[in-house]
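Have a look at the structure below, then the notes.
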Amino acid sequence: MTNGDEEFRAEVREWLADELTGEFADVVGLGGSGREDEALDRRLAWERRLGSGGWIGLGWPVEHGGRGASLAQQVIFHEEYARAGGPGRLLHMSEQLVGPTILAFGSDEQKRRFLPGILSGEALWCQGYSEPGAGSDLAGVRTRAVREGDEYVLNGQKVWTSLAHVADWCFVLARTDPGSSRHAGLSYLLVPMDQPGVEVRPIQQITGTSEFNEVFFDDARTPVANRVGDEGDGWRVAMGTLGFERGVATLGQQIGFQREFDHVVELARAGGTLADPELRQRIVQSWIDLRVMRYTAVSTLRSAGSSVSGFEASLSKLQWATWHRDLGELAVDVVGSAALTVDEPYDLSPEQTAFLFSRSDTIYGGSNEIQRNIIAERVLGLPRG
């Protein structure tokens with residue numbers, strides 16, 4: 001760390017301490033994995049406060065409204081944010097996915113139009129990738145977008161769309177060439193959610209919450225000017241987005257994981273289960289694996305920049321999804337038999353929520369099986385099964 005980095009850490013720490021013990025003390029620790037339904041209005045207000053403080057788009061170029069922060073400074077922000085108990089971020093899709101995608105692939109006009117709303121914490125985006133027949137097999141997209149003059153008309157369905165019920169915009173992968181198949185003929189479109197022809201239906205999960213949604217497009221429209229990249233070049237742009245999703249953003253995710261792990265250790269100490277040698281070994285192994293994830297992510301990003309691609313993204317997804325699922329299992333085992341009961345009305349403990357929701361980690365964003373296939377074929381050179 002340089003002197004400048006330590007000064008930056010002090011700045012972050014002081015700002016968070018002031019805000020999270022003052023006006024926004026009520027949002028500390030809220031939201032996050034499996035709890036996205038908590039205090040939505042207050043957390044949206046918090047995003048706007050982050051924006052006004054200049055804490056969104058830290059690594060973005062200064063000429064586009066960011067701070068041009070180094071990787072080390074971005075890591076520092078995520079570390080201090082987690083330590084301060086910052087609430088789960090609602091602008092993850094906006095800041096970490098579509099924003100960098102527009103920076104990398106968008107036109108100058110798109111940058112001028114869309115980036116300021118993200119930087120201010122005003123514009124909430126969701127991701128229109130997965131479909132009922134094309135989840136992990138993203139190339140099987142069937143949502144259609146037909147060009148009519150200066151607009152595209154969209155018809156189709158997306159599923160598992162996080163926060164679609166509160167999002168302002170959706171970045172959609174759609175098939176613009178009706179005669180195409182697989183990776184060809186796809187386009188990357190920015191679609192307003194508040195319009196006729198867009199219907200959002202929440203999907204209630206086993207946790208009792210509904211952060212995922214089905215989204216139906218029935219003659220929904222978006223201007224051709226909202227296409228990122230050339231028509232038919234959507235696959236390349238979409239893969240760029242996935243690279244950003246598994247890039248710097250994973251560092252913030254891992255800090256949240258650290259907080260969850262620390263909670264499990266506290267439970268084990270309070271409940272006396274640290275005396276169990278099998279549980280103690282699992283806790284130690286979880287700690288080791290979390291450190292390995294962090295070192296791997298930092299090493300990869302130092303060499304690759306703000307995003308990763310190809311097999312590195314698959315390795316990262318497989319690693320953290322499996323770790324988080326195992327932590328959920330460890331949490332309920334530490335609690336013991338009390339984890340088998342639920343108060344009425346359906347009121348889950350944090351450990352029960354972690355156990356149930358973390359099952360989805362190994363499915364969304366490309367299932368573990370898909371990631372293993374990618375690694376086997378592209379890294380190990382094994383034949384396709």
Side-chain angles (χ1 to χ4, degrees), residues 16 20 27-39 43 75 77-89 92 162 205-209 211 246 249-298 315-343 346-365 368 371:
L16 289 170
L20 292 175
V27 301
V28 171
L30 297 182
S33 180
R35 299 163 53 206
E36 290 291 5
D37 60 310
E38 295 178 340
R43 286 164 59 211
V75 173
F77 176 79
H78 289 306
E79 287 176 341
E80 296 302 325
Y81 189 89
R83 290 189 182 116
R89 297 292 306 279
H92 170 76
S162 298
Q205 300 148 204
I206 197 171
T207 56
T209 60
E211 74 172 44
R246 296 165 190 173
T250 62
L251 295 171
Q253 178 192 54
Q254 289 172 21
I255 299 302
F257 287 167
Q258 179 70 57
R259 189 162 55 191
E260 291 183 54
F261 172 82
D262 291 343
H263 176 67
V264 171
V265 174
E266 290 173 7
L267 287 174
R269 284 176 175 152
T273 49
L274 275 178
D276 184 321
E278 191 267 338
L279 284 177
R280 193 163 60 241
Q281 176 59 36
R282 287 170 62 190
I283 289 172
V284 170
Q285 189 62 55
S286 182
W287 182 89
I288 292 171
D289 292 342
L290 184 56
R291 289 299 178 278
V292 170
M293 274 196 290
R294 174 180 169 78
Y295 297 145
T296 301
V298 171
L315 286 169
S316 171
K317 173 60 169 62
L318 180 63
Q319 191 177 37
W320 71 254
T322 303
W323 181 89
H324 199 220
R325 180 199 62 194
D326 292 346
L327 183 72
E329 294 176 357
L330 177 60
V332 296
D333 287 342
V334 163
V335 172
S337 59
L340 301 177
T341 62
V342 179
D343 294 332
Y346 192 63
D347 185 19
L348 298 176
S349 69
E351 300 75 50
Q352 291 168 326
T353 296
F355 170 76
L356 293 173
F357 190 83
S358 65
R359 316 305 295 180
S360 68
D361 290 338
T362 61
I363 301 171
Y364 70 76
N368 275 15
Q371 306 307 332

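Since the structure is predicted, the reported quantities are computational estimates derived from the model, not experimental observations.
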When you compare the side chain of R294 with that of Q258, does any pair of heavy atoms fall below 4.5 Å? no
Is there a side-chain contact between E329 and R282 in this structure, where contact means two heavy atoms from C-beta onward sitting under 4.5 Å apart? yes
R291 atom CZ, over 12 foreign heavy atoms within 6.0 Å: yes
Between E38 and R35, does the side chain to side chain contact (heavy atoms under 4.5 Å, CB included) criterion hold? Intermediate values first, please. CA-CA 6 Å; E38 295 178 340; R35 299 163 53 206; 3.0 Å; yes
Is the closest side-chain heavy-atom distance between E260 and F257 below 4.5 Å? yes
Output, in order, the C-alpha distance, side-chain angles, deciding distance and verdict of side chain to side chain contact (heavy atoms under 4.5 Å, CB included) for E351 and F355. CA-CA 6 Å; E351 300 75 50; F355 170 76; over 6 Å; no
Using a distance-only test with no angle check, is there a side-chain donor-acceptor pair under 3.5 angstrom linking S286 and D326? no
Under 4.5 Å between any side-chain heavy atoms of L290 and W323, yes or no? yes
Any donor-acceptor pair under 3.5 Å from R259 side chain to A82 backbone: yes
Counting C-beta onward and ignoring hydrogens, is there a side-chain heavy-atom pair between V27 and L20 closer than 4.5 Å? yes
Is there a side-chain contact between E211 and D37 (heavy atoms, below 4.5 Å)? no
Could you check L279 against L274 for side chain to side chain contact (heavy atoms under 4.5 Å, CB included), going step by step and ending with a plain yes or no? CA-CA 7 Å; L279 284 177; L274 275 178; over 6 Å; no
